[in-house]
Amino acid sequence: MSEQLAPTDADRYDRIVDEVFETVADAAPELRDAICGRRGEADGENPSGDQQLEADRWFDRLLADRLGGIDGVGAYASEEREDPIDCGSGVSLTVDPLDGSSNLVSNNLVGTIVGVYDAALPAAGREMIGAGYVVYGPTITMIQARGETVAEYEIVDGERRPLREGFELPDDPTVFGFGGGDDEWPPAFQRYADDAREELKLRYGGALVGDVNQVLRYGGVFAYPTLQSREEGKLRLQFEANPIAYIARAAGGAASDGDRSILDVPADRLHKRTPLYVGNEKLIRELPDDL
Ligand SMILES: O=P(O)(O)OC[C@H]1O[C@](O)(COP(=O)(O)O)[C@@H](O)[C@@H]1O
Ligand SMILES: [Mg+2]
Ligand SMILES: [Mg+2]
């Protein structure tokens, strides 16, 4: 008779990460449909001081309800809420319900980003056990990473249909996309950008998920550096940079804040911002020291 083995941490993590992204996939068509009629401003700002749109709030409420109800999820934190919601015991989720919401006005790409941490929040990226994002584009796709493996799915009727499993960033990078006005970038980053323009093709859409998705597909680098008017950068460490860094690492790439791996940046505040440089390892290694 075969002996019944107790589930290991790895089994438990596999199960919960998969259930989280199964739930996100199930909600994705409903979320995309809900954008229609909710592209206007809501009455208020989020904890980062950004004007909220009606869709930001709607996405957040639906995801809090669905993800917070999963057995084994202990906390739901979102870019749109001051504090995490206590959901019992288990892993902590960080959610950017609607990434790129300023793109709604011009009807360009938007997405949803989710990080899974085996730690109380705020937590460093090294505490993550999974991450993924949805792109609401001409079709809905989802990237899901767990450990060393990253997969891409197309979402049809709320189900994940595999497009690419266990893929890596292409060795020969071709695209770059840099956020913020170039007149506000640090001089060292302006020089890095000049070199990038010589080797790579500009592909920039104004939503982190869309811009990173192109880097994962074609190879290259995405950056949102510090700006003169935003010395701490624009993107949120917990909700945006950490999940993207986790995914990039699983795909054989790297992510930095200019000094160190994003995954090592201390998380002293839930809504902390950071500069982000992410893409092929070689291009991240070539970042200047004096950013
Ligand atoms: O248009 P800007 O201000 O340069 O900012 C673009 C960046 O801001 C973001 O839209 C921030 O995301 P949110 O919409 O979740 O606040 C990123 O997706 C994108 O990379
Ligand atoms: Mg965002
Ligand atoms: Mg957002």
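One-based numbering, in listed order, for ligands and for the atoms of each.
Put simply, Trp185 and Leu283 are part of the same group of oily side chains (I, L, V, M, F, W, Y) that touch within less than 4.5 Å, one to the next.
For Glu148 and Arg249, the salt-bridge test passes: some basic side-chain N is under 4.0 Å from an acidic carboxylate O. The existence of a salt bridge linking Glu231 and Arg273 is excluded, since no basic side-chain nitrogen approaches an acidic carboxylate oxygen closer than 4.0 Å. Under 4.0 Å is where a charged nitrogen must lie from a carboxylate oxygen, and between Arg230 and Glu184 no such pair does.
Residue contacts with ligand 1, taken as heavy atom pairs separated by less than 4.0 Å, involve Asp96 solely via side-chain atoms from C-beta onward. No part of Asn103 comes within 4.0 Å of ligand 1, judged by heavy-atom distances. Under 4.0 angstrom from ligand 1, there are no non-hydrogen atoms of Phe239. Contacts with ligand 1 closer than 4.0 Å are made by no heavy atom of Gln52, backbone or side chain.
From the protein, the heavy atom lying nearest to atom 13 (P) of ligand 1 is Gly100 N, 3.6 Å.
For the Mg ion (ligand 2), the nearby protein N/O/S atoms, meaning those under 2.8 Å, are Asp96 OD2, Asp99 OD1, Glu240 OE2.
Side-chain polar atoms of Asp118 and Tyr13 form a donor-acceptor pair below 3.5 angstrom.
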List the steps, then state whether side chain to side chain donor-acceptor pair (under 3.5 Å) holds for Gln238 with Thr94. CA-CA 6 Å; Gln238 301 280 270; Thr94 60; over 6 Å; no
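Numbered from 1 in the order shown, with element, the atoms of ligand 1 that lie under 4.0 Å from a heavy atom of Tyr224 read 2 (P), 3 (O), 4 (O), 5 (O), 6 (C), 7 (C).
Considering backbone and side-chain atoms alike, Gly179 places every N or O at 3.5 Å or more from each N or O of ligand 1. No N or O atom of Ser102 sits closer than 3.5 Å to an N or O atom of ligand 1.
Judged by the 6.0 Å and 45° rule, Arg164 forms a cation-pi pair with Phe167.
For the ring pair (Phe, Tyr, Trp, His ring centres under 6.0 Å) condition, the pairs that include at least one residue of residues 103-144, sequence neighbours left out, are Phe59-Tyr136.
Just one residue in the list Glu41, Glu79, Glu80 forms a side-chain hydrogen bond (donor to acceptor under 3.5 Å, both in side chains) with Gln52, and that residue is Glu80.
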